[in-house]
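To start, the structure under review is shown below, and the notes come after it.
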Amino acid sequence: MADVPSSRPEHSPLGKAVTYRATYAPELLFPISRDDKRREIGVDPQHLPFFGADLWNGYELSWLNPRGKPVVALATFVVPAESPRLIESKSFKLYLNSFNQTPFADAAAVRAVLERDLSAAAGAPVAVTVAPLNERPARQAGYPAGILLDDLDVACDAYQPAPELLSADAGAAPVEETLVSHLLKSNCLVTGQPDWGTVVVRYRGAPIDRAGLLRYIVSFRNHNEFHEQCVERIYVDLMARCRPDYLSVHARYTRRGGLDINPWRASAPGEMPANLGEVRQ
């Protein structure tokens with residue numbers, strides 16, 4: 001697949017009637033430039049203030065073996081945060097469905113094609129794993145370790161991102177802790193359909209006001225942005241308002257169309273959070 005020019009979200013297949021293709025069609029992938037949304041939150045696309053990646057889990061991958069018999073598999077896709085483009089999720093689903101009636105020699109051949117096409121669309125190397133179900137791949141689910149904010153008795157009245165709700169006690173002794181909420185909800189940038197997620201904030205520095213952080217997370221409830229963009233906005237707002245020495249923001253979004261998207265951004269390079277499925281995934 002040749003390098004793909006970035007496109008605007010409103011030109012994507014989201015919210016439009018489509019004809020499903022059952023034979024290999026890499027042209028279905030719809031990349032979207034990350035630049036505009038990054039500039040909107042004060043991020044220079046050429047000098048990113050974070051490291052990270054977007055982990056996708058795919059549950060609806062199938063192809064034909066050389067004798068025409070279907071193979072079904074799970075897949076993971078890791079798109080680096082420094083890639084200039086994200087891939088619109090409906091186009092990703094349509095692309096994966098185009099494998100359904102396409103013969104491949106084996107899972108390794110499928111993985112090679114996926115890595116080639118997705119890397120071209122994203123503009124950076126995308127790592128892919130493909131695990132046929134006859135190999136009995138394990139799927140781990142659980143709750144993230146950390147302090148759950150959701151039981152705090154707070155009043156909420158902001159339903160668009162309100163970074164002014166964030167604060168940290170600069171006069172207190174530094175802490176290192178993990179704060180978790182299942183109350184993240186945002187809406188698709190194009191269709192307005194709801195996206196549900198769990199967000200995990202790990203940091204080291206002045207204690208972050210927990211009630212303010214929970215109210216801030218709730219403030220995304222009527223906000224329209226893609227998953228990756230929401231996580232970057234949360235990261236930038238926390239860094240600006242609370243100034244931690246280290247920060248990691250990781251969200252796991254409920255699957256849609258056989259895919260879940262799990263963006264992670266951190267202030268220092270390191271190992272990506274474990275692929276531990278959120279209970280709603």
Side-chain angles (χ1 to χ4, degrees), residues 1-15 26-58 76-95 114-128 160-161 163 184 186-193 195 197 199 220 223-240 247-253 256-257 259-270 272-273:
M1 179 180 180
D3 190 32
V4 181
S6 56
S7 304
R8 298 187 62 82
E10 61 268 25
H11 298 149
S12 79
L14 277 172
E27 66 274 12
L28 292 171
L29 287 170
F30 193 89
I32 296 174
S33 173
R34 299 184 192 261
D35 289 3
D36 288 347
K37 278 292 182 177
R38 285 178 169 171
R39 291 192 184 98
E40 183 179 303
I41 57 174
V43 169
D44 180 352
Q46 302 305 314
H47 301 91
L48 298 181
F50 45 67
F51 302 85
D54 307 322
L55 168 66
W56 300 59
N57 289 300
T76 64
F77 315 93
V78 179
V79 183
E82 64 268 22
S83 66
R85 298 180 290 273
L86 58 82
I87 301 171
E88 186 277 312
S89 61
K90 185 174 181 180
S91 78
F92 203 149
K93 173 187 176 181
L94 294 171
Y95 164 72
L114 289 166
E115 286 191 339
R116 182 193 68 203
D117 293 346
L118 295 171
S119 297
V126 175
V128 177
Q160 290 288 348
L184 178 62
S186 53
N187 302 317
C188 173
L189 179 63
V190 177
T191 67
Q193 292 182 337
D195 296 319
V199 62
F220 277 73
H223 181 59
N224 294 352
E225 258 185 341
F226 292 138
H227 306 65
E228 302 92 330
Q229 296 163 348
C230 286
V231 169
E232 292 184 1
R233 185 178 294 273
I234 293 169
Y235 176 93
V236 167
D237 286 347
L238 277 166
M239 189 60 77
L247 177 63
S248 165
V249 178
H250 178 216
R252 297 197 66 97
Y253 278 89
R256 184 190 292 170
L259 291 164
D260 63 49
I261 309 173
N262 310 282
W264 167 63
R265 302 293 183 268
S267 57
M272 190 170 188

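Values below: every heavy atom of this structure, side chains too, minus hydrogens, waters and symmetry copies.
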(request) Determine, stepwise, if the pair D117 / L29 fulfils side-chain contact (heavy atoms from CB on, under 4.5 Å). (result) CA-CA 8 Å; D117 293 346; L29 287 170; 4.1 Å; yes
(message) Test side-chain contact (heavy atoms from CB on, under 4.5 Å) on Y253 and L184; report intermediate values, then the result.
(response) CA-CA 9 Å; Y253 278 89; L184 178 62; 3.4 Å; yes
(request) I would like to know whether D195 and H227 meet side-chain contact (heavy atoms from CB on, under 4.5 Å); could you show each step before the answer? (result) CA-CA 8 Å; D195 296 319; H227 306 65; 3.8 Å; yes
(request) Apply side-chain contact (heavy atoms from CB on, under 4.5 Å) to V199 and H250, showing your working. (result) CA-CA 6 Å; V199 62; H250 178 216; over 6 Å; no
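In this structure, the separation between CD on E225 and CD1 on I41 is 7.5 Å, given to the nearest 0.5 Å. Separating the CD atom in E228 from the CG atom in N262 is a distance of 10.0 Å, to the nearest 0.5 Å. Here E232 contributes atom CD and D237 contributes atom CG; the two are 12.0 Å apart, rounded to the nearest 0.5 Å. Between T76 atom OG1 and L55 atom CG the span is 6.5 Å, to the nearest 0.5 Å. The CD atom of Q46 sits 10.0 Å away from atom CZ of R38, with the distance rounded to the nearest 0.5 Å. E40 CD to D36 CG: the interatomic distance, rounded to the nearest 0.5 Å, is 8.5 Å.
Without hydrogens or angle criteria, S119 side chain to V126 main chain gives a donor-acceptor distance under 3.5 Å. A side-chain donor-acceptor contact under 3.5 Å links E115 to the backbone of V128. A donor-acceptor contact shorter than 3.5 Å is absent between the side chain of R252 and the backbone of G197.
Two residues are said to be in side-chain contact when any heavy atoms from C-beta on lie closer than 4.5 Å; R34 and P84 fail this criterion. Within the 4.5 Å cutoff, side-chain heavy atoms of S267 are placed close to those of M239. Proximity of R256 to C188: side-chain heavy atoms (C-beta onward) are separated by under 4.5 Å at one or more points.
The minimum heavy-atom distance linking P125 with P80 is given by the pair O-CD, 3.2 Å. When every heavy atom of S91 is checked against every heavy atom of L28, the shortest pair comes out as CB-O, 3.2 Å. Shortest non-hydrogen contact noted between L259 and S89 is CD1-O, 3.9 Å. Looking at every heavy atom in both residues, R85 comes nearest to A120 through NH2-O, 3.1 Å. Across V43 and P49, no two heavy atoms sit closer than the pair CG1-CD, 3.6 Å. Scanning both residues, S248 and W264, for their nearest heavy atoms gives OG-NE1, 2.9 Å.
Across W56, Y95, F92, a single residue satisfies ring-ring contact (aromatic ring centres under 6.0 Å, His included) together with F77, and that is F92. Screening I261, L86, D54 against F226 for a side chain to side chain contact (heavy atoms under 4.5 Å, CB included) leaves a single residue, L86.
No cation-pi contact links R265 to Y235, judged by a cut-off of 6.0 Å to the six-membered ring centre and 45° from its axis.
In this view, N187 and K185, P194, N224 satisfy the side-chain contact (heavy atoms from CB on, under 4.5 Å) rule, not counting sequence neighbours.
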